[in-house]
Amino acid sequence: MLQNILIAYGLDPQYYQTRPFGSGLINHTWKVTGGDQQFILQRINKKVFKSPLDIAENLHTISVYLSENSPAYVFAAPLPAVDGRLLIESEGEYFRLSPFISNSHTVDFLTQSSQAYEAARQFGKFTFLLRGMDTARLKYPLADFHNLTLRISQFENALVKADKEKIRQGATEIKMAEYDSAIGNVYDDLVNGKRIPLRVIHHDTKINNVLFDEEGKGLAVIDLDTVMPGYFISDVGDMMRTYLSEANEEETDLNKIKVRENFFAAIYAGYMEQMGSVLTNDEKNLFIYAGKFMIYMQAIRFLTDFLNGDVYYPVKYPLHNLERAKNQFRLLESYVAAEPKFANIISQFQNPAAPQHARPVNLL
Ligand code: GN1
Ligand code: MG
């Protein structure tokens, strides 16, 4: 099947090698290599993305906007096939080909806070460059993706339907989900009160969605399926969720889950360097909340999938989604405990009178 796709893009399968690439949970990705040419080929998960054409349209709209307004910006938009289509359907599956940005690489783990700074700068820059675009021009490939109110009600429905054994196995996490539901109330208030604006948001800011150059400087953001209108707390929050702890969401030894304050400072510095002049005061006041919002949402998404019988996230063993939920609740606990320190870091950044040596930039 992949051969037909290559042909649709004018690539002769005889001369191109196709190898699995990356570690995403949702789409399938391959790297296509032939001579000195390199591409990224992806099969879009149609169970998740019911309308892949919306993704193609969004990326096209954004690509045109960026090439007019910020021509030097590296945007890895999908390439048109020989007949001009931006998405190829084959046997009911959708594929697309994008350029592979040369001399770039991704990382799966952050070892230095400078990586968090670079990544946050890249995600901030993306939203910054698109600040003048009317978000109404974009489609919602995943409506309600980060709608916490909905995620909480999906959790509640799963709880009603789940079998007794699962409820017993997940009892502690179910209690935690209920205990932390105040995080949902803050979200309800800010959405209902229209307190923060919709912006063009990436919605999947984990570290392997950033391309780095050979010197470790950020080059571009990738994995653009979930680019759509949203709130900045999604992007900042998912960086907190995925950069602060050295151990990632797959770690089952909960003692290894600890937030690193210097990585928080790095996310703040990188994102605000780009977005500091754009965010409203209400948004700035939600910077710390952003982390709680995303960590809590991911915890209940894993827990909900466990209760539903693992219908969304691929699992390697029966309690995998429950283990992931445990991991995220531990991260939430560690995050909440560090909040006073985060507040201190932000106030040091905001106080230009602070002596240079006392400013958290030294932590980077
Ligand atoms: C999914 O496929 P991947 O790994 O980029 C999920 C994210 C979750 C993440 C958790 C469309 O992203 O929301 O944060 O798994 N994407 C979708 O690992 O559900
Ligand atoms: Mg993704």
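Hydrogens, waters and symmetry mates play no part in the numbers below; they use all other heavy atoms, side chains included. The first residue of the sequence shown is numbered 1, and numbering continues consecutively from there. Just so you know, ligand 1 is whichever comes first in the structure, and atom 1 is the first atom listed for that ligand.
Side chains of R151 and Y296: a donor-acceptor N/O pair is absent below 3.5 angstrom, by distance only.
In M297, neither the side chain nor the backbone holds a heavy atom less than 4.0 Å from any atom of ligand 1. With a 4.0 Å cut-off on non-hydrogen atoms, D204 touches ligand 1 through its side chain and not its backbone. Neither the backbone nor the side chain of N209 comes within 4.0 Å of ligand 1, counting heavy atoms alone. Residue Q298 touches ligand 1 through its side chain alone, judged by heavy-atom distances below 4.0 Å. Counting heavy atoms closer than 4.0 Å to ligand 1, residue L142 contributes side-chain atoms (C-beta onward) but none from N, CA, C or O.
Considering backbone and side-chain atoms alike, E249 places an N or O below 3.5 Å from some N or O of ligand 1. Ligand 1 has no N or O atom lying under 3.5 Å from any N or O atom of Y313, backbone or side chain. Between K206 and ligand 1, an N or O atom pair is found at a separation short of 3.5 Å.
Under a 4.0 Å criterion applied to the non-hydrogen atoms of F145, ligand 1 contributes the atoms 11 (C), 13 (O), 16 (N), 17 (C), 19 (O). Numbered from 1 in the order shown, with element, the atoms of ligand 1 that lie under 4.0 Å from a heavy atom of D223 read 5 (O). Contact atoms of ligand 1 toward Y312: 11 (C), 17 (C), 19 (O) (distance under 4.0 Å to a heavy atom of the residue).
With ring centers used as reference points, Y140 lies 6.0 Å or more from F145.
Between R324 and E249 no salt bridge is recorded (no basic side-chain N to carboxylate O distance below 4.0 Å). In summary, E283 and R195 do not engage in a salt bridge, as defined by a charged side-chain N under 4.0 Å from a carboxylate O. Using a 4.0 Å cut-off between charged side-chain N and carboxylate O, R96 and D225 make a salt bridge. Taking 4.0 Å as the cut-off between side-chain N and carboxylate O, E246 and K256 do not count as a salt-bridged pair.
Looking only at side-chain heavy atoms (C-beta outward), Y94 and R43 stay at 4.5 Å or farther from each other.
The shortest heavy-atom distance from R324 to ligand 1 is not under 4.0 Å. Not a single heavy atom of H203 sits closer than 4.0 Å to an atom of ligand 1.
Distance check, rounded to the nearest 0.5 Å: CG of L322 to CD of E173 gives 5.0 Å.
Counting only distance, with no hydrogens or angles, the side chain of H202 and the backbone of V227 share no donor-acceptor pair below 3.5 Å.
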